[in-house]
Amino acid sequence: MDLTWSDTEEAFRAEARAWLEEALAAWRERHGGRILSGDTAEGFAQHLDWERTLAEAGWAVVSWPAEHGGRDATRWQWLVFEEEYYRAGAPARITQNGIFLLAPTVFEFGTPEQQAHVLPRMARGDDLWCQGWSEPDAGSDLASLKSRARRDDERGGWVLDGQKTWTTRGAFCTHLFGLFRTDPDSERHRGLTYLMVPLDLEGITVRGFGRLDGDEGFAEVFLDDAFVPDDAIPGGVVLGGVGAGWSVAMATTSSERGLTLRSPGRFTATADRLVALCREQEARLGPDPRRRDRVVQGWMEAEAYRLQTLQTVTDDAEGRPAGAASSLVKLWWSELDVALHETAMDLLGPDAELEGAWSKGWQFSLSGPIYAGTNEIQRNIAAERVLGLPRK
Amino acid sequence: MRFAFTDDQVALRDAVRDLLAKECPPEVVRAAWPEGPDDRGAEPGAGARSATDRSWVALADMGALGVAVPEAHGGLGLGELDWVLLAEETGYAGLPHPFVETSCVAAPLLAAAGDPGGDLPGLVDGSAVATATALGADLVPWGGDAEVVLSLLLDGEGPWTAHRVDATAAVPVASVDRARRLARLDVGGGTGLGSARDAAVAFDRGALGTAAQLVGLGRRMLDLTVAYVAERQQFGRPVGAQQAVKHHLADAAKDLHFAAPAVYGAAWSLAAGDAHGHRAVSTAKALASDAARRTGRAALQCHGAIGYTVEADLHLYLKRAEALARAWGDAAWHRDRVAWALGL
């Protein structure tokens, strides 16, 4: 065991740190120092500008192969980059659903033609992807989804009907990836197909609506006899084969790149800010051992998350994939995120009620135990697949 | 960067795991209780004591007791990363002997001090045991049985000091985990041993080894409970199929899943002489203490009434976990130390 970074990794860190500092300052200045949430229409445009800045300098997708827009960074370098990214206070990635959820699937299941088209355009922010999985009656019970795709051989494509919802940033994106029922007689997870769909097709209506945090970042997507031609994506709109949608969608949920959304850098940076906030408040108001205890608890849990990730990345690299234990990981980071922000709110006292970074972060943290499979679903998965408890 | 143990470290762990599975099943832990509630095969009294001694001698025979003793003193000359997994296994087994105190704390400290009393050969070959207590706790585990008793004290903001104390006046006391064989004794005086730095390292080793034992105890309680709820039927199906039961155990598994890397990371910090060693050890001990205690509660709840009997094995590990959660500084003490390290 060796928990020190190599010279190569430290050099990578220094390069990333220097670039981030300069580029972030320039980006903020371009927008008059007034950075809005990326989950509003106006803010999305600002953040797209940031995404393109990242892409032009080769920092958008560091762990991808250079041919697709990345810089062939190792997993360790990726972790270092993420630490620096969040330490610098850089914004959440508006392209994350494409980069962190669709891309790993394209890497695993896409044809070379699909990869060559989808990945570089995604990296550059030319195509902006949202996830079309949830439906009004299919949230955690994803296998019950009803949206249909009907084959039309004559026209060479698929006809889509149905409705997707809670689609993060759907109103601002150009493309949707989602699961559709292609065999109308099939039940549950059989007969589903993973499709990549441009959102500007006739018959597709996208309606944005507000989230709990006040941003417009959600959308519902109505599909009404919408025809998507096979060549809407070079190489085809079907990813991984007709009828294979369920296994394609599930295959990458606990993959190496699936770590990305919840990289430890995000939580260790928040924990460090919480420690700083505690220090400031104690300097102003005097010591508060009870609150300090909670700050330390949050810091320790973020540290444990960092160490656990180092273990997971090592294990994965050495052929010991984490598998269902990723459900335990989801429980940990989502509860940690809420705890860190609740503690910050308490430290702020009455000021916590004001709109600000901490209150914004608190509202967003509340979504963690709900999205990506509710924590109750994750507990069931962990109990059955990690501990081996009986299903029925 | 590599967060994994070497093949040799895992092989040594596996050997100790196999040995303890054979030599230290629950009957042996029960037999270590003075009154030995022994309808499960162990004899109370002297016979029972020898049954527990066998597990200690077996550990000595394979060299595990001298794991942290330099080869010049007859040990294996290994470090924290090598013995942290062994400590975890002794926790899993509920070993009724002071492995952490003897092998991880006292033996390397005596070796660093040049073995002034000539105790090391006995500690390595298993003919003697050592125990240690920290932070002024005068209830000492195995305090009446040990040939060497060490007390590690923190004087205000430091420095640490280590003393060898006279245990001849130790008074055995009844304790919740009878296998800990607590004795009350005066830990304030005695002969100084080693440097302040040696004493500080010894304390960190004790806290680290105890944290590792807590992870092992947590895993044992989880394993016992998973096996039980898969078998026990209520409402026409295994209770383990009930979502409420699943959620208790998933939460326990989650806490252990994150406490373990904190413990291993702390072992690396000590072995590497990392500047954040104290902070890493305290993080590990606080998280492991809480994880083991919460796992114990979940395990008992999921066992139901059978878990609240001395006939089920659970109580052997539950009581040990509660004792160790507070030994070598409880979670709050360690969070304080982390706060200090963070400049709060």
Side-chain angles (χ1 to χ4, degrees), chain A residues 1-6 9 74-76 79-80 272 275-276 278-279 282 287 289 292-297 299-301 303-315 317-318 320 325 327-332 335-336 375-376 378-384 386-392, chain B residues 1-6 9 81 222-223 225-226 229-230 237-243 245-269 271-272 274 279-280 282-284 286-287 290 331-332 334-344:
Chain A
M1 189 178 301
D2 180 8
L3 304 189
T4 48
W5 296 110
S6 69
E9 286 147 1
T74 65
R75 284 175 255 234
W76 299 116
L79 280 175
V80 165
D272 286 342
V275 169
C278 183
R279 222 180 272 132
E282 293 203 344
R292 184 188 300 176
D293 204 48
R294 289 169 55 201
V295 169
V296 170
Q297 183 70 27
W299 184 89
M300 293 192 308
E301 290 180 10
E303 175 68 2
Y305 187 53
R306 185 181 73 83
L307 291 165
Q308 195 277 337
T309 305
L310 299 179
Q311 190 177 39
T312 301
V313 171
T314 304
D315 284 349
E318 297 180 0
R320 300 181 296 272
S327 287
L328 300 174
V329 174
K330 200 267 175 165
L331 291 172
W332 187 265
E335 292 179 352
L336 168 61
N375 282 12
E376 286 67 27
Q378 303 299 339
R379 286 186 174 89
N380 290 348
I381 293 172
E384 289 164 16
V386 178
L387 299 177
L389 292 179
R391 282 182 64 84
K392 285 199 174 125
Chain B
M1 182 68 70
R2 179 176 186 270
F3 195 119
F5 290 92
T6 64
Q9 287 161 344
L81 281 167
L222 193 56
D223 284 354
T225 311
V226 166
V229 300
R237 58 180 180 150
V239 296
Q242 298 285 358
Q243 184 160 272
V245 171
K246 285 179 177 167
H247 288 192
H248 276 307
L249 298 182
D251 278 333
K254 173 201 65 173
D255 288 350
L256 294 169
H257 190 69
F258 285 87
V263 170
Y264 306 152
W268 175 82
S269 284
D274 175 53
R279 192 179 77 185
S282 282
T283 296
L287 291 174
D290 286 345
H334 283 285
R335 285 194 296 269
D336 261 355
R337 196 162 75 140
V338 173
W340 182 82
L342 292 174
L344 289 176

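Chain A is the first sequence line, chain B the second, and so forth, proteins listed ahead of strands; every chain is numbered from 1. Reckoned from all heavy atoms, side chains included, excluding hydrogens, waters and symmetry mates.
- The local environment of CZ in A:R391 is sparse, with at most 12 non-hydrogen atoms from other residues, nucleotides or ligands closer than 6.0 Å.
- The candidate from B:Q243, B:R237, B:H248 with the greatest count of non-hydrogen atom pairs under 4.5 Å with chain A is B:Q243.
- Residue contact with chain B, scored on non-hydrogen atoms closer than 4.5 Å, is absent for A:S6.
- The two residues B:A241 and A:K392 come nearest to each other via the heavy atoms CB-C, 3.4 Å.
- In this structure, chain B has heavy atoms under 4.5 Å from both the backbone and the side chain of A:V275.
- With a 4.5 angstrom heavy-atom cutoff, A:R320 touches chain B only via side-chain atoms.
- For chain A, the nearby part of B:L81 is the side chain; its heavy atoms alone come within less than 4.5 Å.
- The parts of A:W332 that come within reach of chain B are both its backbone and its side chain, each placing non-hydrogen atoms under 4.5 angstrom from that chain.
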(message) What verdict does the side chain to side chain contact (heavy atoms under 4.5 Å, CB included) test give for B:W340 and A:V296, after you've listed the backbone C-alpha separation in whole Å, the side-chain angles of each residue and the deciding distance to 0.1 Å?
(response) CA-CA 10 Å; B:W340 182 82; A:V296 170; over 6 Å; no
(request) Let me see the working for A:L307 and B:F3 under side chain to side chain contact (heavy atoms under 4.5 Å, CB included), right down to the final yes or no. (result) CA-CA 8 Å; A:L307 291 165; B:F3 195 119; 3.9 Å; yes
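- Across B:L342, B:D255, B:D274, B:L287, the residue that shares the most heavy-atom pairs under 4.5 angstrom with chain A is B:L342.
- Listed here is the closest heavy atom pair of A:R279 and B:G343: NE-O, 3.5 Å.
- Distance check: B:F5 CZ to A:Q311 CD gives 8.0 Å after rounding to the nearest 0.5 Å.
- Rounding to the nearest 0.5 Å gives a distance of 9.5 Å between CG of A:N375 and NE2 of B:H247.
- For A:E376, the parts lying near chain B are the backbone and the side chain together; criterion is any non-hydrogen pair under 4.5 Å.
- Rounded to the nearest 0.5 Å, atoms CZ (B:R2) and CG (A:D315) are 9.0 Å apart.
- Put simply, the side chain of B:T283 reaches to within 4.5 Å of the side chain of A:W299, judged on heavy atoms.
- Look at A:E335 and B:K254 and you find a salt bridge, because one of the NZ, NE, NH1 or NH2 atoms lies within 4.0 Å of a carboxylate O, short of that distance.
- For the residue pair B:H257 and A:A325, the shortest heavy atom distance occurs at CE1-CB, 3.9 Å.
- Checked by atom type and distance alone, the side chain of B:K246 pairs as donor or acceptor with a backbone atom of A:P390 at under 3.5 Å.
- A distance of 8.5 Å separates CG in B:D290 from CD in A:E301, rounded to the nearest 0.5 Å.
- With a 4.5 angstrom heavy-atom cutoff, B:A4 touches chain A via backbone and side-chain atoms both.
- Note: B:Y264 OH to A:L310 CG = 14.5 Å, rounded to the nearest 0.5 Å.
- B:A250 and A:R379 make their closest contact through CB-O, 3.6 Å (heavy atoms, listed as atom of the first residue, atom of the second, distance).
- Contact count against chain B (heavy-atom pairs under 4.5 Å) is highest for A:L3 among A:L389, A:L3, A:L328, A:D2.
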